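Data block below; observations after.
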Amino acid sequence: MTYDPTKQTREAAVVSYRHCQPSEAVAMCGIIVRAGVDDALDELVAGLENLEYRGYDSAGVAVRDDEGSITVCKREGETDALEAALEDRKLDGTLGIGHTRWSTHGAPSDENAHPHTDGANRVAVVHNGIIRNHDALRSELREAGHEFTSETDTEVVPHLVADALDDGADPETAFRRAIDRLEGSYAVAMLVGDDDAVYATRHGSPLVLGLGETANYLASDVPAFLEHTDRVVYLEDDDVVVVDGDSYRITDGDGTPVGRSVETVEWSAADARKGVYNHFMRKEIDEQPVSLRQTVEGRIEADRGVLEEFPPGSLTDVDDVVFVACGTSYHAGMYGSTLLRRRGIQATALRANEFAHDPMPLTERTLVVAVTQSGETADTLAALRAASESPAQTLAVTNVVGSSAAREADDRLFIRAGPEIGVAATKTFSSQVAALALLADRLEEDGAGSAGGEAASGRTVTADLTSLPNDVETVTNDEGAARLAAQYADAESYFFIGRGVGYPVALEGALKFKEITYEHAEGFAAGQLKHGPLALVTPATVVVAVFTGRNDDRTLHNIREAQSRGAPVVGVGPTSATAVREAVDEYLEFPDVNPNLAGMLANVHLQLLAYHAAEIRDRAIDKPRNLAKSVTVE
Ligand code: G6P
């Protein structure tokens, strides 16, 4: 599909904005644009449903009909509320934009929902990101007589465009003039009443073009339109794309045409659907045997990691590794750093937001690895950018091929986990750790492990990765976590402890538990319990202890400290750990496995524990309050 400039007819139009409710605000958010030959609304709403993991405070759509009228409908709440509002409304038109919002500034409200329009109702805009200079722009526009109906940064954009249109600019020029004034990060899409194309750009926030048979799409992420097409163009920062039902054109910030390759997404539409499951989270937990196989497929030969991305000798100039990441990805980075240190490779994991603005000394022999499922987390991108400005080498370990992290890092390693929709990351954690374990082989062989790692005894970590998917399946079929979630439903606090690779797993278990149950949950290094947290332990504190088959005797000491304060202890460990089984009050077991990988199996039990505890409490498991999957603001 190519862009045909003759299709850019400018219809004289009567524009009427019929707001079914006022709305607005700022965010990370999800954008969907649909330009086709038949009505856009249904596909817009379906796209919003698929993007809800990016935000669910409010949702809205704007549709342009054949006469050039734009109708906006937006509602506070999840997409359901918007759908209810749309039930008795008619939004005909082949061109539309939609938005689902996660608030970072200003309360979720109808007023702060997108799309936003200008005062004269000629322009409708959706936006993901933050416009940092919106206060200054708003003051300037107010002085020029513009009136605003929301508190959002976004609302300045349609007003800026309207000003340029009033000055006689055509829509594309008006759009460019408006975005030239913006500072911050944004993906923006715009409808203009008297034009039959959508204008969009990105600068630090994701936007991908989808090319269908009978319609074209733009979205913050591929699942928004995956039902309709798998042919995509990943836009670069400052690209301006003009798209209608059967053509598109991409130019750079100066208006020079640029060629961007059309790629085929390997994810299937079924991957992005819930199927028989009640929640994406449970589906994604159960998918781990498959996603893990995908991660390692073709990447293990003779029990060693062979990464196409890193042929032998490609990492000979690396002495030390620094992982930067957030949330679950940070825990995967911690896990990876432990695996590397055990191989004699100097490695550290830092929270991306801390590293970004307070970086550590880096040399040209340091490899900074940004671990990020989405590849769009603002804190992680900031850390990656800080590293790029240092002499260090950079690598993105990510699930999203066209993501900002993948494009900005010197190198990239894809975890191939498939789309993850549940806000609570599950399958991507195990795939991240598996990918980092494979990377460890290359680093070690290329000499980064000169500090003297552990002698390989018996099977290697990589060899055991091959059988890990079957072991994960044993855990996903286990009903122990469901039983214990019910048994301990009345506890006041949930503490998770572990050591070695069990430590990041304890942190991850606590994160999962608190984010979807809203109960008090904390993770600690097992040995730290006695240095403070023990003061909080009472009979109403459930202590979940991770055992990996390595240094378990020490963790046994730690659980006794808790038990003597009356706390019930749930052990999570290998089948053959008899001493552990005898010491704990309850036991969740997993198949005996290389201790380096045992944390990954324990983690699946903890995912299930959190899931069932949230289910009992009837929580919004896939869309926990105040959270979003991909946080594209710092
Ligand atoms: C948010 C999500 C977490 C996720 C983190 C990092 O906080 O709620 O689930 O782990 O971002 O996301 P990333 O896409 O960089 O892995």
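Source: prediction; values computed, not measured. For ligands, and for the atoms within them, numbers begin at 1 and follow the listed sequence.
Among the atoms of V371, none of the N or O lies under 3.5 angstrom from an N or O of ligand 1.
Remark: E309 engages R299 in a salt bridge, criterion side-chain N to carboxylate O under 4.0 Å.
More than 12 heavy atoms of other shown residues, nucleotides or ligands fall within 6.0 angstrom of atom CZ in R617. The environment of CD in E266 is sparse: at most 12 heavy-atom neighbours from other residues, nucleotides or ligands sit within 6.0 Å.
Nearest protein heavy-atom contact of atom 7 (O) of ligand 1 is V631 CG2, 4.1 Å. Here the heavy atom of the protein found nearest to atom 12 (O) of ligand 1 is T377 OG1, 3.2 Å. Among protein heavy atoms, the minimum distance from atom 14 (O) of ligand 1 is reached at S374 OG, 2.6 Å. The nearest protein atom to atom 6 (C) of ligand 1, hydrogens excluded, is given as C326 O, 3.4 Å; this is a heavy-atom distance.
Within the listing of ligand 1, atoms 10 (O), 13 (P), 16 (O) sit less than 4.0 angstrom from a heavy atom of S329. Ligand-side atoms of ligand 1 in range of Q373: 13 (P), 14 (O), 15 (O), 16 (O), range being under 4.0 angstrom from any heavy atom. Of all atoms in ligand 1, listed by their number and element, those nearer than 4.0 Å to a heavy atom of T328 are 10 (O).
Side-chain contact of Q607 with T426: a donor-acceptor pair under 3.5 Å is absent, judged by distance alone. For Q373 and T398, the side-chain atoms include no donor-acceptor pair closer than 3.5 Å.
Of the listed residues (Q432, K512, K629, E420), the one carrying the non-hydrogen atom nearest atom 3 (C) of ligand 1 is K629.
Residues H228 and Y217 bring their aromatic ring centres within 6.0 Å. Checked against the 6.0 Å centroid criterion, the rings of F496 and F524 do not qualify as a close aromatic pair.
The closest approach between a heavy atom of V423 and any atom of ligand 1 is below 4.0 Å. Between A628 and ligand 1 there is a heavy-atom distance shorter than 4.0 Å.
Checked by atom type and distance alone, the side chain of R341 pairs as donor or acceptor with a backbone atom of A347 at under 3.5 Å.
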